[in-house]
Number of protein chains: 2
Amino acid sequence: MRFTANYTNKVDKKGRVSVPSRFRALLAASEFNGVAVYESFKLPCLEASSREFIDGLSEQLNEEFGAFDDEKEALAAALLGGTFDLPFDAEGRILLPQPLLRFAGITDTAVFVGVGEKFLIWEPQAWEVYREEQRALARAAALKLGALRRRPELSRGAET
Amino acid sequence: MRFTANYTNKVDKKGRVSVPSRFRALLAASEFNGVAVYESFKLPCLEASSREFIDGLSEQLNEEFGAFDDEKEALAAALLGGTFDLPFDAEGRILLPQPLLRFAGITDTAVFVGVGEKFLIWEPQAWEVYREEQRALARAAALKLGALRRRPELSRGAET
DNA sequence: CATGATATCCCATACTGTCCCATCACGGCG
DNA sequence: CGCCGTGATGGGACAGTATGGGATATCATG
C-alpha cells in the first residue's frame, strides 16, 4: 500500500470528490469499499487510509492498555472519534462531511497527496504553502547529505 | 462493534434525540432494540453501548479486581445501577432521562462520538474543549502510537 | 378516583445521502 | 485522425434520516 504523486480534483456542491483512481486501486484490496478519513493531528489537512489501518491502531490501543485505562480512552476518542468511514459511490467518489471540509478549509477543490501508506487531502492554497516549506527543508537536507557524502569526516561543521 | 466519527443532533423539548443511523446499524445486532446509557466516570459526558457490552464490563471488573474488592463493588454498583436501558422509538430516537441530561449539561443539542466499542454523548461546547485538549495530547503521543505498531514500516509515511 | 406530568406512538415534513445516468476530457489504439 | 475506454463531473430522482407536533397511554400523587 504505497500512495504516491498528487492529484487535484473538484468538490461539487454536495461535497463529493472523486478519489484518484490510482489511490482507489490501492484501496481495492481492503474489504471495506471506501476510505477512513480523519483530521490530521499536525497539519491543517485531512488524512486518509484503509480502514484496516485504523482498525490496527485501535486494536493496539485495546491490547496495550487496560480496559479502564485513561490514556487509552483519550487516544481512542481523538483517533476514532475523528475518523469517518467514507464509502465510494458507483463513480469512485466519497462524500466529505461538513466537519472535515471545515477543518481543512476545503470548498470547491481538493488536492490528494500520496505519502506512503496513507494520503493527505488539502485545500489547494494551504497545500501550496506547506509544499513550499517542505521544499526548502528538502533543499537544506539535500545539501547536507551531499556534504556528508563528499566529506564524511568534515560533515559536522559543513553547514552550507 | 466499532463506533467511529461524530455526529451532532438536536434534542427536542421532550428530551428526545436521534441516535445516528450509523450507530444504530451497529447496535442492530443486539437483541435489545436500544442502547445502554450511563454517566461517564471520568468525563463530563454520557457513555452508551449495547447492553451486552455492559455485561461484559461488569465481568471484566470481576476479573481485574478481587471478588470482594471494595473498589470493584463501587464500580460495579455505579455502572450497573446507574445504567439506563433506553429503547429506540419508531424513528430511531431515544428519550434521555433528566438526570442524564443534567449530568452532561445537555440542553438542546448533543454530539455523538464513536470511540470503538462504545460512543460518548456530549454537550457541544464541552466536547469542543475536550477535543482540543485530546488533539494536543495525541500529537504528543504520536511517538507512542508509532511504537505500538507491530509493523514499523507502516509508521514511516508522512508525519501524522 | 381525579389530575398533571411523563412516556409512547403515529404522522407530517424538510433534508441529506445515495444511486443512476448523461456529458466531458484525455490518451491509447486501430 | 476518428473511435473507444477510463476517469472525472454534474444533475435529477428517490429513499432513508432527522425533527417537530399532537394525540394517547401510564403512573405517581393528592
Side-chain angles (χ1 to χ4, degrees), chain A residues 3-28 32-37 46 48 51 83-102 106-114 119 121-124 127, chain B residues 3-28 32-37 46 48 83-103 106-114 119 121-124 127:
Chain A
F3 296 103
T4 57
N6 67 86
Y7 308 82
T8 300
N9 287 343
K10 288 279 190 67
V11 176
D12 66 27
K13 297 152 208 155
K14 297 180 181 179
R16 295 179 300 184
V17 233
S18 282
V19 171
S21 70
R22 292 290 173 74
F23 289 1
R24 241 154 46 212
L26 289 175
L27 290 165
F32 170 62
N33 185 42
V35 266
V37 183
L46 306 177
R51 207 172 90 167
T83 300
F84 290 76
D85 290 330
L86 308 178
F88 292 135
D89 67 10
E91 288 72 37
R93 288 176 289 197
I94 52 176
L95 179 67
L96 289 174
Q98 276 302 317
L100 294 185
L101 287 174
R102 246 187 308 107
I106 296 171
T107 56
D108 64 351
T109 309
V111 181
F112 291 76
V113 185
F119 59 88
I121 305 178
W122 288 83
E123 183 285 319
W127 162 241
Chain B
F3 297 102
T4 60
N6 61 88
Y7 307 87
T8 301
N9 286 343
K10 290 278 189 67
V11 176
D12 66 26
K13 297 151 206 157
K14 299 178 181 178
R16 295 178 300 183
V17 234
S18 283
V19 172
S21 70
R22 292 281 176 84
F23 288 1
R24 243 155 45 212
L26 290 174
L27 290 166
F32 170 59
N33 184 42
V35 267
V37 184
L46 306 177
T83 299
F84 292 77
D85 287 329
L86 308 179
F88 292 135
D89 67 10
E91 288 72 38
R93 288 176 288 197
I94 52 175
L95 178 67
L96 290 173
Q98 278 304 318
L100 293 185
L101 286 175
R102 244 185 307 105
F103 177 83
I106 296 172
T107 57
D108 65 349
T109 309
V111 181
F112 292 75
V113 185
F119 60 88
I121 305 178
W122 287 81
E123 183 285 319
W127 161 243

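Throughout, a chain's letter reflects where its sequence line sits, starting with A, and its residues are numbered from 1. Both backbone and side-chain heavy atoms feed into the values below; hydrogens, waters and symmetry mates do not.
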Self-check item: OP1 or OP2 of dG10(D) under 4.0 Å from side-chain N/O of K13(A)
Solution: no

Rounded to whole Å, the CZ-P distance (R93(A) to dG10(D)) equals 9 Å

Q. Would you call the rings of Y7(B) and F23(B) parallel, tilted or perpendicular if under 30° counts as parallel and over 60° as perpendicular?
A. perpendicular

- request: Report which part of the nucleic acid R22(A) touches: base, sugar-phosphate, or nothing (heavy-atom distance under 4.0 Å, all strands).
  value: nothing

Between NZ of K14(B) and P of dG21(D) the distance, given in whole Å, is 9 Å

Between CG of L95(B) and P of dT19(D) the distance, given in whole Å, is 15 Å

Rounded to whole Å, CG of D12(A) lies from P of dC19(C) at a distance of 15 Å

Whichever of S18(B) and N9(A) has the more 5' nearest nucleotide on DNA chain D, that residue is N9(A)

Tightest non-hydrogen contact, residues R24(B) and V19(B), listed as NH1-O, 2.7 Å

Answer with base, sugar-phosphate or nothing: what part of the nucleic acid does V11(B) contact at a heavy-atom distance below 4.0 Å?
nothing

Separation of dC21(C) atom P from E91(A) atom CD, nearest Å, is 10 Å

In whole angstroms, the gap separating C1' of dC11(C) from CZ of R16(B) amounts to 12 Å

Smallest heavy-atom separation, L101(A) atom then G15(A) atom, equals CD1-CA, 4.5 Å

Rounded to whole Å, the CG-C1' distance (D89(B) to dC9(C)) equals 8 Å

- Query: Is a side-chain N or O of N9(A) found less than 3.5 angstrom from the main chain of V17(A), in a donor-acceptor match?
  - Reply: no

Give P20(B) one of three labels, base, sugar-phosphate or nothing, depending on what nucleic acid heavy atoms sit under 4.0 Å from its own. sugar-phosphate

I94(B) atom CD1 is separated from dC9(C) atom P, nearest whole Å, by 15 Å

